[in-house]
Amino acid sequence: MTTDAPDGIPPHRYDAALADEIERKWQARWREQGTYETPNPVGGLSAGFDRVAGQPKLFVMDMFPYPSGSGLHVGHPLGYIGTDVYARFMRMTGHNVLHTMGYDAFGLPAEEHARQTGQHPRANTEANIATMRAQLLRLGLGHDVRREIATTDVGYYRWTQWIFLQIYNSWYDRDLARARPIAELVAEFASGARALEDGRSWGDLDEGERHAVLNGYRLAYLDEAPVNWCPALGTVLANEEVTAEGRSERGDHPVFKRPLKQWMMRITEYADRLIEDLAHIDWFESVKAMQRNWIGRSEGANVRFPAGSAMIEVFTTRPDTLFGATYMVVAPEHPLVDELQADAWPTGTRDAWTGAHDTPADAVDEYREEAAAKTELDRQAEGREKTGVFIGAFATNPVNGKQIPVFIADYVLMGYGTGAIMAVPGQDERDWEFAEIFDLPIIRTVQPPEDFAGDAYTGDGPAINSGFLDGLGVEDAKRAMIAHLQERGAGVGTTTYKLRDWLFSRQRYWGEPFPIVYDEAGNAVALPHELLPVELPELIDWAPRALDEDSDPEPPLGRATEWATVELDLGEGPTTYRRELNTMPQWAGSCWYYLRYIDPTNTEVVVDPEAERYWMTDAHGGIGGVDLYVGGVEHAVLHLLYARFWHKVLYDLGHVSGPEPFQRLFNQGYIQAAAYQDARGVYVDAHAVEERDGEFLYEGQPVTRTFGKMGKSLKNSVTPDEMYARFGADTLRLYEMFMGPLDQDRPWETRSVTGSMRLLQRVWRNVVDEDTGELTVSDEEPSEGLLRVLHRTIDAVRSDMGALRFNTAIARITELNNELTKLDGPTPRAVAEPLVRMLGPLVPHIAAELWERLGQEGSLVYASFPEADPAYLVEDTIELPVHVNGKMRSSISVAADASDQTITAAALADPKVIERMDGKEVRKLIVVPGRLVNIVV
RNA sequence: GGGGACGUGGCGGAACGGUAGACGCGGCGGACUCAAAAUCCGUUGAGGGCAACCUCGUGUGGGUUCGAUUCCCACCGUCCCUACCA
């Protein structure tokens, strides 16, 4: 054997070095030739559209990453590889595929980095993006790089600001259930077509009053909301930066809750539509459930309980149980408490109700103080034991006139419903618990079943002790009670949501500035579109500035003093304005990036309407949107809810063609890896752990193994670079796709990567001679049997790839390749070519290389995916299993089109079957054509 | 407490209600090699039998069915989300 390799390895073996050479060669060629550039029907990127004009389109997208400085591990690209394989497969089946990548690049880490190093966030961010782009390119992802965006690009966030203005300049018309321009509302007010809620006339209002009225309607509006103000750091902190003890994570300084005027988004107006449209999109049921839970719609009634001169309004989902309401509870911070509390304890007040205080005022004050001081940890530690105090007042149950005591307790939350409840211990477990502690009466109003042994009964049953409701089931009783209350003006059927309006201001530097200024009177003024973008000021003083507790919170942009005020002529002559100093949250940029992928170079509009229709309309009659969106389940609620909300606003205003952004969502699993803890519970470097006889040792000491998400904290990261060096990018891609179904978590096992490498080596060897580098392919016709295997494989691989079942597709391809390996002679070209085509989407570099060596001229990327010839899928004779009494006992060989009678006769004649039947009579005979025979005796 | 997902060899995982364990890792045996690695061939659920074969096997217990890993009910366990939401 002639070999020039000193270690005896054949010179043309597919190993890591050759893989590296091949991968770099093809990546360079793809870049030079713009292989992955996808044409638009119109506009700046429309060159070459003729080529694809007749093809169906496909829009495949990943959740774009934050460009972190710490680099990738092998868990990160799992979803990116999945979408890439799918996108490549769809290209080869004749689709015009839009597939690119972007960077969600605003955010805290870059700002923190700037504070520590003085390096500007933009420089840091751009460096990180460059690193990440190179890492992703090395994987061979087929992205149209011309369409890449970063949310921090001025040309991008200009349009984020533009969308903000669209939302700001609109209101939700509840009658039409859609957003409309605010100008139309103003016109209706001015003409009198619509009355103001408080009966005033629009013409009588001054400028400030008009601003205030419209602020109450706008979908983006100003409201006072509490922020975490840390005077020692001179900054406002995000919730995540505040410890459970209410101190700053950095420096451990005290943090104070302070109200600050902030931007809110009226997402609650869209609550119903956000729930309803879930029915029309193809997402995992679990994610839909999370969104429904988050929105938290509950149907019920608001009921008014007179209490002295006041009226306590409660929300309940169980108006049918009103006869069982024996006391009331309001949240400690409820505004009515001060008005309601009695001066002295009424006669007959039980000791347990007073908290040992002399007056209701003392009891309320102390309870409020205690409740406010409790942290989440305290509450959990106490096991949620019910606490509360009587406030000395009584309310009247509107259905039976009974006087019932009013308590405050922290198990009633100000933020949900009306902040007050009617307590029905008979049908509510929390109320039962409270009633037992405070010795309050319990009246059952639903008859529990006879075998019911618990306390509060929350199930269905006939109403009892409930006057006119008695005998009705829960649903009927609810309806009857709501009708009764509405007739008497004591209540009304309502719907409540857990969803809150979206707090949209952040007191940070590294985010999108608002396109808003304030006039001298403090009114917000939207900048006209011509003045966009509002760019972030570049010069920022990062040094900490210590302030005292009484000083006002100041966002970082307040330090850009030259920028913070601006002279503009907005139609009334040059005037000085103050700029909005807050920035938008990181969600803003990620709410709409899919739209910019469509038309990234457009400077006139956010996205060309024709291009938008082309990419976002579903040809199969679906609701439309991105055809496939892949990402982690951690974004199941916030990002996906916010993006759906923005999209619906844009839809209402006519800027996009459909009501949903993402028609199909797929959540990929996580790659986990073994992590090891020493005796102290500290994680040790997983790479340095040895396994010996089932024991795990680190520096000779035993450690325990667990599995967790790959990452720095568990010290179990494996980097792609390691994998490139040992195996190559194609092998890494293949292994990640082969590990298991894309939506499942799976443990990483570096030694198993070998298996994927071996497959590629065997494929290579079936086409290329390892010693000479010559082709080992013949033009001879493959055997009938091999052709059958080939076409069965094509059939299975096609359907697996279309359904994102890459693991089984790879298994089928492996089987086919094993057939070729077993072959004694050279590989028939008629098998080698379709094999290489099928590998194209999975391992694009080696496939392109083999494609070229096979003498093909065009790019494999746009070659057609093989199609199975149905003639080879049907067999002449088939092996049919024969069951006796449901157990597999034998198999018979029959013609594929044999009649039931023929099959039955063959089965009954089979010696093993006869033996198993043991001379017994046939009771039943099941013949499933093409599947099996079952004989019941 | 509520919601969701899931339980199959030593490991990752395959199986339109129809031959359980495809494909791969690891293990074992062999070829090649002075040797090792790499590569190649064979074998590998458990138990029994010289063998052909037989028995048992998809978390547990029921149910539906000629037939259940698959559908239904209950329980046990794991993971994720959410949480005093009235």
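If you're wondering where the values come from, they're calculated on a predicted model, not measured in any experiment.
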(request) Output every pair passing salt bridge (charged side-chain N to carboxylate O under 4.0 Å, His left out) with a member in residues 790-801 of chain A, not counting sequence neighbours, ordered by first then second residue. (result)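 Found A:Arg792-A:Glu875, A:Asp800-A:Arg805.
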
Take atom [atom1] in [N] and the same atom in [M], then report the distance between them in whole Å.
{"N": "B:G49", "M": "B:C56", "atom1": "C1'", "answer": "15 Å"}
{"N": "B:C66", "M": "B:C50", "atom1": "P", "answer": "41 Å"}
{"N": "B:G1", "M": "B:G9", "atom1": "P", "answer": "29 Å"}
{"N": "B:G26", "M": "B:G13", "atom1": "C1'", "answer": "14 Å"}
{"N": "B:U70", "M": "B:G63", "atom1": "C1'", "answer": "15 Å"}

Got a salt bridge between [X] and [Y], using NZ or NE/NH1/NH2 to carboxylate O under 4.0 Å?
{"X": "A:Arg292", "Y": "A:Glu285", "answer": "yes"}
{"X": "A:Glu915", "Y": "A:Lys912", "answer": "no"}
{"X": "A:Arg430", "Y": "A:Glu433", "answer": "no"}

(request) Enumerate the residues from residues 321-334 of chain A whose closest heavy atom to RNA chain B is under 4.0 Å, giving them by residue number; use none for an empty result. (result)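 Residues of residues 321-334 of chain A that come under 4.0 Å of RNA chain B do not exist, since none gets that close.
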
Nearest whole angstrom, please: distance from the [atom2] of [N] to the [atom1] of [X].
{"X": "A:Tyr670", "N": "B:C6", "atom1": "OH", "atom2": "C1'", "value": "17 Å"}
{"X": "A:Tyr416", "N": "B:A83", "atom1": "OH", "atom2": "C1'", "value": "13 Å"}
{"X": "A:Gln672", "N": "B:C11", "atom1": "CD", "atom2": "P", "value": "16 Å"}

(request) Name all residues meeting the side-chain hydrogen bond (donor to acceptor under 3.5 Å, both in side chains) criterion together with A:Arg931; count only those two or more places apart in sequence or in a different chain, and write none if there are none. (result) none

(request) Between A:Gln744 and A:Arg13, name the one whose nearest nucleotide on RNA chain B is closer to the 5' end. (result) A:Gln744

(message) Pick the closest RNA chain B nucleotide for A:Arg430 and for A:Thr821 by heavy atoms, then say which residue is nearer the 5' end.
(response) A:Thr821

So, taking the atom named [atom1] in [X] and the one named [atom2] in [Y], what distance separates them when rounded to the nearest 0.5 Å?
{"X": "A:His12", "Y": "A:Thr772", "atom1": "NE2", "atom2": "OG1", "result": "6.5 Å"}
{"X": "A:Ile421", "Y": "A:Thr316", "atom1": "CD1", "atom2": "OG1", "result": "8.5 Å"}
{"X": "A:Leu641", "Y": "A:His635", "atom1": "CG", "atom2": "NE2", "result": "13.0 Å"}
{"X": "A:Arg733", "Y": "A:Leu760", "atom1": "CZ", "atom2": "CG", "result": "11.0 Å"}

Polar atom pairs (N or O), protein with nucleotides 31-33 of chain B, under 3.5 Å:
none

(message) What's A:Glu429 touching, base or sugar-phosphate or nothing? Going by heavy atoms closer than 4.0 Å.
(response)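 Here A:Glu429 touches no strand at all.
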
(request) Give one of base, sugar-phosphate or nothing for A:Val412, where a contact means two heavy atoms less than 4.0 Å apart. (result) base

(request) Spell out protein contact along nucleotides 18-27 of chain B as letters: B when the base is contacted, S when just the sugar-phosphate is, - when no protein heavy atom is under 4.0 Å; keep the 5' to 3' order. (result) BB--BBSSS-

(request) Look through every strand shown and name the nucleotide pairing with B:C71 as Watson-Crick or G-U wobble, where both distances are under 3.5 Å. (result) B:G63

(request) Identify the nucleotide, in any strand shown, that forms a Watson-Crick or G-U wobble pair with B:U55, with both distances under 3.5 Å; if there is none, say none. (result)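 Base partner found: B:A46.
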
Listing time: all N or O pairs from protein to nucleotides 72-81 of chain B that are below 3.5 Å?
none

(request) Return the set of residues passing ring pair (Phe, Tyr, Trp, His ring centres under 6.0 Å) with A:Tyr676 (not counting sequence neighbours), or none when no residue passes. (result)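 Testing A:Tyr676 for ring pair (Phe, Tyr, Trp, His ring centres under 6.0 Å), a comparison that skips the adjacent residues, returns A:Phe696.
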
(request) Name all residues meeting the ring pair (Phe, Tyr, Trp, His ring centres under 6.0 Å) criterion together with A:His791; count only those two or more places apart in sequence or in a different chain, and write none if there are none. (result)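 Ring pair (Phe, Tyr, Trp, His ring centres under 6.0 Å) check on A:His791 returns A:Tyr872.
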
(message) Heavy atoms from C-beta onward define the side chain here; which of B:A86, B:G13, B:G4 lies closest to that of A:Ser298?
(response)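 The nucleotide sitting nearest to the side chain is B:A86.
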
(request) Could you work out which one of B:C66, B:A14, B:A86 sits closest to the side chain of A:Asp428? (result)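 Closest nucleotide to the A:Asp428 side chain: B:A86.
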
(message) According to side chain to side chain contact (heavy atoms under 4.5 Å, CB included), who are the partners of A:Leu804, at least two apart in sequence or on a separate chain?
(response) A:Tyr86, A:Leu628, A:Arg664, A:Phe666, A:Phe806

(message) For A:Leu440, give me all partners under side chain to side chain contact (heavy atoms under 4.5 Å, CB included), at least two apart in sequence or on another chain.
(response)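 So A:Leu440 forms a side chain to side chain contact (heavy atoms under 4.5 Å, CB included) with A:Tyr327, A:Trp353, A:Pro405, A:Phe407, A:Phe434, A:Ala435, A:Phe438.
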
(message) If you take the centroid of each ring, where Trp contributes its six-membered ring, are A:Tyr735 and A:Trp748 closer together than 6.0 Å?
(response) yes

(request) Applying side-chain contact (heavy atoms from CB on, under 4.5 Å), run through A:Phe305 and A:Ile404 and close with a yes or a no. (result) CA-CA 10 Å; A:Phe305 286 66; A:Ile404 57 177; 3.9 Å; yes

(message) Please classify B:G9 as syn or anti, treating any glycosidic angle within 90° of 0 as syn.
(response)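 You should classify B:G9 as syn.
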
(message) Side chains of A:Glu815 and A:Thr793: any donor to acceptor distance under 3.5 Å?
(response)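 No, A:Glu815 and A:Thr793 have no side-chain donor paired with an acceptor closer than 3.5 Å.
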
(request) Please list all pairs passing the side-chain hydrogen bond (donor to acceptor under 3.5 Å, both in side chains) test where one or both residues lie in residues 755-765 of chain A, with sequence neighbours left out. (result)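 Pairs touching residues 755-765 of chain A that pass the test: A:Arg765-A:Glu770.
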
Enumerate all atom pairs, one protein N or O and one N or O from nucleotides 43-54 of chain B, separated by less than 3.5 Å.
{"unit_1": "B:C54", "atom_1": "OP1", "unit_2": "A:Arg916", "atom_2": "NH2", "d": "3.4"}

